[in-house]
A.B. asks: 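Could you have a look at this structure, given as structure tokens, before my questions?
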Amino acid sequence: MLQKLLLGNLTLEAIPLHNPIIMGAGLFMGLIMLAVIGSLFYFKKWTWLWRDWLTSVDHKKIGIMYIILALIMLVRGLIDAMMMRLQQALAVGDATGYLPPEHYNQIFTAHGVIMIFFMAMPFMFGLINIVLPLQIGARDVAFPFLNSLSLWLAVVGASLINLSLIVGDFAATGWLAYPPLSELAYSPGVGVDYYIWALQISGVGTLLSGINFVVTIFKMRCPGMTLMKMPIFTWTVLCAMILVVLAFPVLTVTLGMLFLDRYFDMHFFTADLGGNAMVYINMIWIWGHPEVYILILPAFGIYSEVVATFSKKYLFGYATMVWATASITVLSFIVWLHHFFTMGSGPDVNAFFGIATMVIAIPTGVKVFNWLFTMYKGRITFTTPMLWTIGFITTFVFGGMTGVMMAVPAIDFQMHNSLFLIAHFHNAIIGGVVFGYLGGFTYWFPKAFGFKLNETLGKCAFWCWIVGFYTAFLPIYIVGLMGMTRRISHYDAATGWHPYLVVAAIGAGIITCGVIFQILQLVISFKNREKYRDLTGDPWGGRTLEWSIPSPAPLYNFATIPAVDSRDAFWVAKQRGHHDKQTSNQTLEIHMPKNTSAGFIIGMCSAVFGFAFVWHITWLVLAGLVGMIATIIVRSFDMHTDYYLTLENEG
Amino acid sequence: MSNNSDTMDVFGFWIYILSDCVLFATIFAVYAALNANMYGGVGLKGLFDLSYVLTETSALLISSFTCGLAIMAMYKNNLKQVMLWLMATFLLGFAFIGMEINEFINLTAEGHSWQTNASLSSFFTLVGTHGLHVLIGLLWMAVIILQLLIFELTPVLRRRLTYFALFWAFLDIIWIFVYIIVYLMGAI
Amino acid sequence: MLTLLDPKGMIAADETHIFIVSAVLMLLVVIPVVMMTLAFAWRYREGNIKADYAPEWSHSTILEVIWWSIPCVIVVILGVMTWTSSHRLDPYKPLAISGQKTITIQAIALQWKWLFIYPEQHIATVNYIEIPTGAPVQFLITSEGPMNSFQIQQLAGQIYAMAGMQTKLHLIANEPGTYKGISANFSGEGFSDMTFQVRATSQEQFNQWVKTVKQSPNKLTTESYDKLSQRSIKDPVRYYSSTTNDVFVAVMMKNMTPGKDLSNLCDRNILKVG
């Protein structure tokens, strides 16, 4: 009785001691954490960690932390993917593979949730954080404290998922947790609850970031930078963040109602008592479709920047690109039903949404031509970022093509939920989003850290990724056409799928080699950082303002805020011979925000809150809630959250 | 940080309000889809005491008015008046929430709880989400009142009062939609 | 074999045809784009000083017109195809063939098997369907719990099976043979084994089969249904020699409002179950 009060539903049985794979993973995670903590003690870096990172409100530091989170979760998501491919390569005929269905089902759910929410989104926010204020000539984002809070909420969400591995289970419902399967009747364990809280907590952070970046772009551009003179990456970020502000509340409500069904016995989506699962499916996709555009638009922006820089040419059709981005943004809200043509909405409704989906392919296709004609009559250097871009164009168009095909409802009736669909969206997301973020990572790494990454290893990584991608996903397209549906953990030999799934597993392995090359690249580049040092701040011959300041960027970004009068302002300045940037003889007083622990503390309270909710530990839920509210209130009493930095005689 | 900090902050708050609009729009949409799903139970029509709801609506509307008076007093730099009207806003808001909680308790006691069917789930969630926002507003108000006592009308507190007034007015507007769509239309 | 491109049913054949046409249309754009990408990358590489370099050229109205128009044209063509095919291949559209009687089969997605009830023949089966080749078949589909999706890939597309709702699918098998049916929407632990067999035979063989099923000792009653709806995996084929017509309706109704509220009925034509 007392145990129920103190610990809710949490017992020692929650730890799956009988499952060697999970315990192995848990041990691995534990060892890494011990290694990190041990190093911090050994090198006496706790104060540095607290002062320079955990309490930082500097967008550059926050961006780096987001990317660290993304890379860690990329490894976890890839391990999940390898486990899935291996299972499917093994479990043919009488063989059942090495993963029982209950486990396999959690793995594919975790793979999807992690890759979208805790790899792609943090990677995106990381790159935006590092680059955006520099591109618009600002010193920071509009709300630095909220920026820090968003980061820690994302970290907490990811931590809850990792914790679910060893304390309890994760959801086994697929990454969007459709009811009735995700309702208490069919998912009685804690898995779906971990899912709900990981997403709700990080979702708040995402929404705050959306607001933050929208305000930053609208209100903090340097003098002379009108909207049509902004870098194209900034435009795509603006559109993506508008999508965040409009779409994420829908996710919050949808998951909130699932939570109410599960915890308070409500009936929004239950099979009985008037609930309607179709409401969930509509709402989750009203969020879900804009979400994929949130991910791809900044990637498109990265490609635009990279292709212009490495073709030594203006981006072709800047105005068209802006209008194409804006139309994609608007259209992304009227296509959601194409995710469930098979739910029976009728031919008129289905046809409308199908045609709308195809219309969205038009501005997307136009962008491809604009990139091509940026290359045309340019002077192209095949740096790693440029390779990622060319790899993207040639790969993504197939993802787009298969998408347009499935936008025909009659085709979708056959292809829906088949591996053809899986291949399509991986084609678009890996070829589009991941290639873009990895390219952007290489491109902006010198600005963040002051040295370039080793090019050879970067290229090796690229080739592994692209060869691995095709090796993995062409067979997956084929087994889709051979009738294989998604989310199955074993199948008959008579289907003939086996050899293709073996090849697909090999492809996943090749991608893993790519990641290993990238880890190697980081280690070796760090060791040789003096050799790769970026001394000028402009290692690539860049065109936009972020390349006009030293690498790594100083705390305050710009000693004096620049003024611009054209696109590609830095390129123009260089042509005019004015690339001598921040000279000033005076002493400058720069207005900066103070570091604060409030974001970190609220984050930690949210972790307690979420974990306690999962296990129904009521007193702990209240404690977490009170902690969050108290921290906010205490911070609000702090009237001195900023200071002035004195800059003497910078030359 | 930049010079146009005030306009930037208020603009940011408007964007937040925009997101909250989407939140409520979504809950309204679910209400529209599910409010007729009573699974054989009593329709919402029979459950409302319209004069009661009118009273609590009036409390909220008047609290918006007193909030406006507080802002006007802020522009006139009259700290005492600001505190006075804020406290009036608080009391009226508190009355609104009290009446709403009372309504919820009565409905539940009569067997019409949020667990009964989808229609009631969506009713309690829509009205309850608004009520939760009001509760947060009350807490926020209490903190502002305390801070005004300590710091008086600093620029920071003026800005926060502005956000709060926006928030309170927004909640009022949402309530008008709730009143019309849930209670008045529900009673037809 | 590429099952989804090897149709044996009227609907599937139509769908496959559209698949191929749209693939070809899209490849008309995609292949030139890929070739242009590689060609431009090669020609305008830095080492190739013979190639023109025009760093300031970043706009061309005529090019914009061309590459806005080509996708628009393709989308118009595909759009028309979409409109017509969505109506022609609407799963709810009855397929009437003169002289052929439509067979009705009620399908209930259970955990983790399919129950098929033939209301006119008063028989039922688990994980097995037999139909006469060339006859129009009308499926009425629901689910006992989580969402599933009913699909016989070589004969037609799929449609979701949802609790408290009824969906419909029409198909005709063009050739006799044995086909695989699946659930195409993940529904939990036993999902991977939720397959069923479909045999299209001659009319005489079908009639004979119905007689065989009617000799089965199993009867589908409320009790035997309750037992059947318990969780199980890899269920063998089972026959029921008699059914009460109410089973399908009862399964749907217990999740809908008891009484008159039919607001959850996902059916565009109100069905009377006989």
Side-chain angles (χ1 to χ4, degrees), chain A residues 101-102 174 178 180-181 186 271-272 274 276-277 312-318 320 342-344 346-347 350-351 354-355 358-359 361-362 365-366 368-369 372-373 375-381 390 393-394 397-398 401 404-405 408-411 413-414 416-417 481-483 485 487-490, chain C residues 2-5 15 18-19 22-23 26 30 33-34 36-37 40-41 44-46 52-55 57-59 63-64 67-68 71-72 75 78-79 81-83 85-87 89-90 145-147 149 153 157-160 162-164 167 182 184-189 192 255 257 264 266 268:
Chain A
E102 315 83 73
Y178 279 10
L181 184 62
Y186 301 101
D272 58 348
N276 191 339
K312 292 196 172 37
K313 196 158 161 281
Y314 278 99
L315 177 69
F316 199 89
Y318 174 95
T320 312
T342 55
M343 203 155 78
N350 277 355
I355 294 173
M358 293 170 196
V359 170
I362 299 177
V366 160
V368 172
F369 288 112
L372 286 183
F373 277 83
M375 289 163 65
Y376 184 79
K377 296 200 175 164
R379 277 248 178 282
I380 303 172
T381 45
I390 297 174
I393 297 178
T394 50
V397 290
F398 290 104
M401 162 181 155
V404 170
M405 286 167 67
V408 181
I411 296 179
F413 291 158
Q414 285 282 6
H416 178 66
N417 274 352
L481 290 174
M482 290 172 77
T485 194
R487 295 173 173 165
I488 58 177
S489 64
H490 53 269
Chain C
L2 295 180
T3 320
L4 265 57
L5 298 180
E15 289 166 348
I18 298 173
F19 180 91
S22 64
M26 292 304 295
V30 167
V33 165
V34 173
M36 271 204 292
T37 310
F40 289 3
Y44 296 102
R45 68 194 187 284
E46 193 176 41
D52 283 343
Y53 174 42
W57 179 63
S58 63
H59 176 74
L63 279 176
E64 295 277 5
W67 62 55
W68 278 93
C72 279
V75 166
L78 282 173
M81 270 175 62
T82 298
W83 184 265
S85 64
S86 298
H87 286 83
L89 295 168
D90 176 17
M147 231 182 249
S149 183
Q153 291 160 316
Q158 64 185 275
I159 194 148
Y160 279 173
M162 299 180 279
T167 50
I182 60 168
N185 191 68
F186 178 71
S187 54
E189 221 176 286
S192 305
N255 286 322
T257 308
N264 276 347
C266 185
R268 283 168 267 123

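In the text below, chain A, chain B and the rest are named by the order of the sequence lines, each starting its count at 1.
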A.B. asks: Go through the atoms of C:Leu5 and report whether side chain, backbone, both or neither lie under 4.5 Å from a heavy atom of chain A.
C.D. replies: both

A.B. asks: Begin from the C-alpha positions of C:Leu63 and A:Tyr376 and carry the test side-chain contact (heavy atoms from CB on, under 4.5 Å) through to its verdict.
C.D. replies: CA-CA 12 Å; C:Leu63 279 176; A:Tyr376 184 79; over 6 Å; no

A.B. asks: Taking side chain as everything from C-beta outward and backbone as N, CA, C, O, which of these in C:Gln153 sits under 4.5 Å from a heavy atom of chain A? Side chain, backbone, both or neither.
C.D. replies: both

A.B. asks: Would one find more than 12 heavy atoms of other residues, nucleotides or ligands at under 6.0 Å from atom CZ of A:Phe369?
C.D. replies: yes

A.B. asks: Only pairs of heavy atoms separated by less than 4.5 Å count here; which of C:Glu64, C:Met36, C:Met147, C:His59 has the most with chain A?
C.D. replies: C:Glu64

A.B. asks: If the plane angle is over 60° it's perpendicular, under 30° parallel, otherwise tilted; pick one for C:Phe40 and C:Tyr44.
C.D. replies: perpendicular

A.B. asks: Looking at A:Phe316 versus C:Trp57, is the centre-to-centre ring distance below 6.0 Å?
C.D. replies: yes

A.B. asks: Sort A:Leu372 into side chain, backbone, both or neither according to what part of it lies under 4.5 angstrom from a heavy atom of chain C.
C.D. replies: both

A.B. asks: For chain C, which of A:Ile393, A:Thr485, A:Ile488, A:Leu481 has the most heavy-atom pairs under 4.5 Å?
C.D. replies: A:Leu481

A.B. asks: Do you know which of A:Ala277, A:Gly365, A:Gly354, A:Pro409 has the most heavy-atom pairs under 4.5 Å to chain C?
C.D. replies: A:Pro409

A.B. asks: At their closest point, which heavy atom of C:Trp83 faces which heavy atom of A:Ala351, and how far apart are they?
C.D. replies: CE3-CB, 3.4 Å

A.B. asks: Side chain, backbone, both or neither: which part of A:Val368 has a heavy atom under 4.5 Å from chain C?
C.D. replies: side chain

A.B. asks: Counting only N and O atoms by type, is there a donor-acceptor contact under 3.5 Å from the side chain of C:Ser192 to the main-chain atoms of A:Ser489?
C.D. replies: yes

A.B. asks: Heavy-atom pairs under 4.5 Å with chain A - which of C:Val34, C:Asp52, C:Ile182 has more of them than the others?
C.D. replies: C:Asp52

A.B. asks: I'd like to know which of A:Glu102, A:Gln414, A:Lys313 tops the heavy-atom pair count under 4.5 Å against chain C.
C.D. replies: A:Gln414

A.B. asks: Show the numbers, then the answer: is there a side-chain contact (heavy atoms from CB on, under 4.5 Å) between A:Val408 and C:Ser85?
C.D. replies: CA-CA 8 Å; A:Val408 181; C:Ser85 64; 3.8 Å; yes

A.B. asks: Given heavy-atom pairs under 4.5 angstrom as the criterion, report whether the side chain, backbone, both or neither of A:Val366 touches chain C.
C.D. replies: both

A.B. asks: Taking C:Thr167 for the side chain and C:Tyr160 for the main chain, is one N or O donor matched with an acceptor at less than 3.5 Å?
C.D. replies: yes

A.B. asks: How about C:Leu4 and C:Phe19: do any of their side-chain heavy atoms sit closer than 4.5 Å?
C.D. replies: no

A.B. asks: Under a 4.5 Å heavy-atom cutoff, which of C:Ser86, C:Ala184, C:Ala23, C:Gly157 has the most pairs with chain A?
C.D. replies: C:Ser86

A.B. asks: Below 4.5 Å, heavy-atom pairs only: which of C:Pro55, C:Ser22, C:Gly188, C:Gly79 has the largest tally toward chain A?
C.D. replies: C:Pro55

A.B. asks: Where on C:Ser187 is there a heavy atom nearer than 4.5 Å to chain A: the side chain, the backbone, both, or neither?
C.D. replies: backbone

A.B. asks: If you count heavy-atom pairs under 4.5 Å between each of A:Ala361, A:Pro101, A:Ala410 and chain C, which one has the most?
C.D. replies: A:Ala410

